[in-house]
Each structure stands twice: as C-alpha cells, then as structure tokens.
Amino acid sequence: MTFKELKISEPVLRALAEKGYTKPTPIQEQGIPVVLNNKDLLGCAQTGTGKTAVFAIPIIQHLAQQTNFGKKREIKALVLTPTRELAIQISDSFKDYSKHTSVAHGLVFGGVNQQPQTVMLKKGVDVLIATPGRLLDLINQGFIKLNAITHFVLDEADHMLDMGFIHDINRILPLLPKEKQTMFFSATMPASIAALAKSLLRNPVRISIEPKKPVIDTIDQYVYYIDQEGKKDLLLHLVKQAKSKSILVFSRTKHGSDRIARILCKAGIGSDSIHSNKSQAARQRALADFKSGKIRVMIATDIASRGIDIQELPMVINYDLPNVPEIYVHRIGRTGRAGHAGTALSLCAKNEMGLLKDIQKTIGFTIPVVR
Ligand code: AMP
C-alpha cells in the first residue's frame with residue numbers, strides 16, 4: 001500500500017516524501033481512508049504507531065478543500081491532548097504535513113506565558129492543538145470560540161482521565177457543535193473510556209493496533225539484582241561503561257529523578273531530569289539538549305516521558321521497576337526502534353521481585369540476570 005493509494009492529496013504527498021516516509025504504517029493504512037470518508041473513528045493505539053497522521057492528514061485535506069477556505073480564519077479543528085510534550089509533537093506533525101498548503105495551526109498549553117498564544121489566536125488559525133486546562137482558560141477569557149468546529153480529536157483519552165482532566169473535558173464538550181467529525185484515541189479501553197467514547201462518537205469505525213511486537217525482539221534485556229542503596233553506584237558504573245551512548249533512565253518519582261540527575265552531574269556526566277514539576281521551558285530545553293547530544297543521560301518519570309520521541313536511542317535503564325508490566329514494555333520500546341539495536345537494563349531490588357515476575361509473565365520470557 002502506498003500513500004497515493006490512500007487518496008492523499010498531492011501537497012501532502014509531497015510533504016510526506018520530503019519527510020522520507022516511504023509507506024504508511026498499519027494504523028495509517030486502516031485509519032486514513034476512514035477519516036477521509038468523514039466517518040467517526042475509535043482508535044485503540046498508542047504513540048509510536050503513526051496515529052497522528054491518521055487524523056492530521058485528513059483534517060488538513062478536508063480543510064484545504066472547503067469551498068470557502070481561506071475566507072475566514074476560525075478554529076475548524078480542535079485536537080485535545082493531555083501533555084504539553086504530546087501537544088508539541090502533534091503540532092510538529094501538522095507543520096510538516098501542511099507545509100505545502102495554507103492550513104494554519106496553533107498550539108496552546110499551560111505552564112507558559114499566555115500572551116504569545118493570544119497573539120497567535122488573534123491572527124487566527126484553522127487547527128488548534130491544546131491541553132485542556134489552558135484551553136478552558138482562554139475560552140473563559142474570550143480568546144477562543146469553538147462554534148465553528150467541524151473536526152474534533154480527543155487524543156490519549158486514557159491518560160486524560162488518569163491525569164484528572166475529566167472535569168475540564170466535560171466542560172469543553174458541550175461547547176462543541178453537535179454536527180462534527182470526531183476521532184477518539186486511547187491506548188487502553190477500560191469501561192470508563194468506552195463509555196466516554198460511546199457518548200462522543202456516532203457509528204464509529206473501530207481500529208485497533210497492538211503495541212509493536214518487535215520491541216521485544218530487537219532489544220537486549222538484562223536485569224541486575226541490587227539493593228536499593230546500591231543502585232546509585234551501579235547506575236554510575238553502567239553509564240560509564242556505556243561510554244558515549246545516550247541513555248534514558250526511568251525513575252518512579254520526580255524527586256528521585258532529580259536526585260539521580262544530580263549524582264550523575266556531580267560525576268561529570270551531562271544529565272538532566274524531566275518531570276511534571278518542571279517548567280515547560282526547562283522541559284523543552286532538557287529534551288532539546290538530550291536530542292542534540294549535549295547531555296548524555298535523561299532521567300524521566302513515566303508521565304513526562306510520554307511524547308519523548310527520540311530516533312535511535314541505544315539504551316534505556318529502569319532505575320526503578322514500574323508497577324504495571326505494560327509500562328515496562330512501553331519504557332523499553334523507546335530503544336530498539338526501526339530495527340536499530342537497543343539495550344534495556346533493569347535494576348531490581350528485593351522488594352521489586354514481584355514486579356519483575358509480573359513483567360516476565362507479560363513479556364513471556366525470563367530476563368537474563370547479569371548479577
Ligand atoms: P505517532 O504515533 O503519530 O506519534 O508517530 C510516531 C513516529 O513515527 C513519529 O516520529 C512520526 O514522525 C513517525 N512516522 C509516522 N508515520 C510514519 C511513516 N509512514 N513512516 C515513517 N515514520 C513515520
């Protein structure tokens with residue numbers, strides 16, 4: 001299947017070719033025709049599957065084809081997403097795919113000065129990507145109107161609920177016109193999410209993409225048994241041993257991630273932490289420094305790590321084991337992408353043995369023990 005066969009318009013095809021994308025991912029093959037056909041979509045898929053293009057490309061195409069397009073800049077498509085990092089990533093995708101069209105998009109999220117955002121809104125955009133809290137603030141101040149929305153995307157619905165955004169969402173939904181196309185994405189579908197989806201979608205087409213399997217096949221996984229107090233020194237040793245490799249370290253707590261970053265910095269290893277207590281500017285800077293190689297080690301909590309999209313990350317270290325096995329799979333999936341070799345090391349203290357057992361049951365194999 002090619003992008004052309006999916007009936008993607010010429011300007012977008014050109015943009016995809018310039019990105020170096022040669023063919024659609026499975027969710028794009030299934031989802032793009034559905035959305036191009038004006039159908040509501042229920043997508044069960046996580047970040048990393050290429051799901052952004054499933055809504056971004058048809059939205060760009062639909063808007064560019066509207067007969068009165070360009071006459072009046074008003075928000076016609078709204079993408080709601082739980083984290084700032086994800087919002088930025090989605091905005092980057094719109095920027096890439098719409099570069100040969102005149103569709104304008106904008107981005108609003110909290111934790112930063114709102115003034116540049118209101119300037120952008122006054123100029124006008126066709127597509128708005130937003131996190132719920134800031135969106136509501138700006139609506140209440142009269143900077144945003146949602147009455148012209150024809151396309152609505154609710155992204156990562158499960159994380160929206162986990163992060164306590166349900167009240168914000170319930171305030172936003174009634175402001176949207178009844179007549180619109182809705183695309184709903186969630187990696188998991190517990191009853192509460194299914195109910196929310198049902199209330200929002202009209203005769204949706206459901207597509208489901210399993211988390212990528214090769215994750216497990218292309219990643220060398222090892223575990224170290226170590227008491228909690230010994231983890232610092234072991235981490236230092238492992239980081240030094242990895243020479244120049246970029247490493248993403250996962251910590252269960254914000255406080256822990258700061259502490260680990262300090263220890264590594266003290267030892268002369270360029271590192272920084274990323275978590276939700278940090279300002280948006282600090283997070284973006286840390287991420288940019290990590291991507292450019294200016295710092296070698298990034299320590300992240302699970303929520304902050306969502307949306308970190310780094311090609312060719314060679315190593316992931318679990319300083320703490322996650323308490324949900326699926327998170328382990330998600331964490332180590334950051335390495336070993338696109339056929340590159342990856343290594344995932346886990347430091348397991350005595351009280352984490354139960355977690356390790358659950359993880360091994362989920363991945364269906366016993367992780368080799370180094371020591
Ligand atoms: P997403 O799940 O939308 O966050 O996409 C995950 C990553 O895959 C992003 O870095 C995209 O830029 C990239 N991507 C999306 N579609 C394709 C494609 N068809 N071929 C190659 N890379 C892609």
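All values below come from the heavy atoms of this structure, side chains included, with hydrogens, waters and symmetry mates left out. Every number for a ligand or one of its atoms is a count from 1 in the order of the listing.
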(request) May I ask you to list the atoms of ligand 1 that are less than 4.0 angstrom from any heavy atom of F3? (result) 19 (N)

(request) Enumerate the atoms of ligand 1 whose separation from the nearest heavy atom of Q89 is less than 4.0 angstrom. (result) 4 (O)

(request) Enumerate the atoms of ligand 1 whose separation from the nearest heavy atom of K51 is less than 4.0 angstrom. (result) 1 (P), 2 (O), 3 (O)

(request) Return yes or no for this condition: an N or O of K19 is under 3.5 Å from an N or O of ligand 1. (result) no

(request) Give the other cluster members for I327, using side-chain heavy-atom distances under 4.5 Å between Ile, Leu, Val, Met, Phe, Trp and Tyr residues; answer none if it is isolated. (result) V324

(request) For the pair R283 and E85, evaluate salt bridge (Lys or Arg N to Asp or Glu O under 4.0 Å) and give the outcome as yes or no after the intermediate values. (result) CA-CA 9 Å; R283 292 207 245 172; E85 280 77 13; 2.9 Å; yes

(message) Under 4.0 Å, heavy-atom basis, I'd like to know which part of F55 is in contact with ligand 1: side chain, backbone, both or neither.
(response) neither

(message) Taking side chain to side chain contact (heavy atoms under 4.5 Å, CB included) as the criterion, tell me which of L347, L235, D233 meets it with I226.
(response) L347

(message) So for K23, does at least one of its heavy atoms come nearer than 4.0 angstrom to any atom of ligand 1?
(response) yes

(request) Within a distance under 4.0 Å of any heavy atom of T52, pick out the atoms of ligand 1 and give their elements. (result) 1 (P), 3 (O), 4 (O)

(message) Could you check whether any side-chain N or O of T150 sits under 3.5 Å from a backbone N or O of K76, counting only pairs where one atom can act as donor and the other as acceptor?
(response) yes

(message) N277: which residues meet the side chain to side chain donor-acceptor pair (under 3.5 Å) condition with it, sequence neighbours left out?
(response) K254

